[in-house]
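See structure below.
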There are 2 protein chains.
Amino acid sequence: MASRIDETDRKILAELQNDAAQSLDEIARKIGSSKTPVWNRIKRMKEDGVITRQTVLLDAEALGLEACFFVLIRTSEHEAEWQEKFLHALQARPEVLEAHRLAGDIDYILKVRVANARAYDTFYQALISEVRIFNVTALLSMEEIKSTTILPV
Amino acid sequence: MASRIDETDRKILAELQNDAAQSLDEIARKIGSSKTPVWNRIKRMKEDGVITRQTVLLDAEALGLEACFFVLIRTSEHEAEWQEKFLHALQARPEVLEAHRLAGDIDYILKVRVANARAYDTFYQALISEVRIFNVTALLSMEEIKSTTILPV
DNA sequence: CATGGATCAGGAAAATTTCCTAAAATAAAG
DNA sequence: CTTTATTTTAGGAAATTTTCCTGATCCATG
């Protein structure tokens, strides 16, 4: 079922990551193939979960989401129950774009997109009232130097 | 030119973010409209730069990129020339998925996707040999709790 | 060199996009 | 409040694209 990703697959993934609106014929032409193998391979990679989603990327600032914070979290609680609750709180909040559990003395990092500093504070107050957190450091982004979903394939 | 985003636009953006492979008719039906306004509005939002890209999201682990690091960087250099060089180094490296210049005592944060810890070290050595950096802390992600490109609209 | 399995190119039908036209809705002016 | 101008909408038709079928080609192996 989970067939190996070969060089042709990688070329197709590179094209799709770059522009998913291209037609099969256009992709086929670029990689030197025809639409049938391209279509079959894309279908297989979707089934295999290599391609997880087809989406559009939006300009956050154009939508009024002008502030981006990285939040470093330390906690004293490490019980399964607390962790479960914390995890669900993060999943439920649309302003949390990323959340990772870390190795080391910082336990979690979040990436949070909000309209402004006030909106961040509202988010922060809501979060700490929901789950007990030992220590929080918020890093405010001044400039998005780079932001891509394109994985090197 | 840069028309205001109204409620219908937001519904369309929500649908597209959720699944950009849907047909216009399907989106139109869901938001209670017809394909023409949906098509016109998508066209306008692309022209206005609200929709920046149509892409596919891939499973990093399925592609062998099993390690994710957040890198906190302090630097003593703050000259324009150094910053320019650093910026271009980051842009050129495909393993750097995000890079932000920060407010506060940490100057930059990076999100880096690589195959494993060894690959991260290779990246790190290459970076510090290119540009002078005062202090680096790497945070290793143990678990991706959440990762989305969907902005709350 | 033959043979089985897989992959490929091309084509046809179905679906979708693209854009035109005219009607409807909304806003502006008298 | 009515009339006019502007914008937005629904529906339809042509062009493009997707979807999948068929037969040919390629490749590994005996």
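Every value quoted in this text rests on a predicted model; they were computed, and no experiment measured them. Values below: every heavy atom of this structure, side chains too, minus hydrogens, waters and symmetry copies. Letters A, B, ... are given to chains in the order of the sequence lines, protein chains preceding strands, and every chain is numbered from 1.
- Ring to ring, A:H100 and A:Y108 are not that close: their centroids are 6.0 angstrom or more apart.
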| query | How does protein contact run along nucleotides 4-19 of chain C, one letter per nucleotide 5' to 3', with B for base contact, S for sugar-phosphate only, - for none, heavy atoms under 4.0 Å? | reply | ----SBBBB---SBBB
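- Distance CD1 (A:I27) to P (D:dT16): 18 Å, rounded to an integer number of Å.
- Distance, B:D6 CG to C:dA27 P: 12 Å, rounded to whole Å.
- Nucleotide D:dT18 holds its P atom 10 Å from the CG atom of A:L16, rounded to whole Å.
- Atom pair A:E47:CD and D:dT19:C1' shows a separation of 14 Å (rounding to whole Å applied).
- Nearest approach of B:T75 to B:R132, heavy atoms of both residues: OG1-O, 3.7 Å.
- Taking CG of A:L110 as the start and CD1 of B:I145 as the end, the distance is 8.0 Å to the nearest 0.5 Å.
- The backbone N or O of A:R118 sits less than 3.5 Å from a side-chain atom of A:T122, completing a donor-acceptor pair.
- For A:E81, the CD atom sits in a loose shell: 12 or fewer heavy atoms of surrounding residues, nucleotides or ligands are nearer than 6.0 Å.
- Using a 4.5 Å heavy-atom threshold, the side chains of B:V56 and A:I42 count as separate.
- Residues satisfying the salt bridge (Lys or Arg N to Asp or Glu O under 4.0 Å) test with B:K43, not counting sequence neighbours, are B:E47.
- Distance alone, capped at 3.5 Å, is enough to place a donor-acceptor pair between the A:T52 side chain and the B:L57 backbone.
- In this entry the distance linking CD1 of A:I42 with C1' of D:dT17 reads 13 Å, nearest Å.
- Rotation axes derived from the C1' atoms of the five outermost pairs at either end of the helix from C:dC1-D:dG30 to C:dG30-D:dC1 lie 30° apart, to the nearest 10°.
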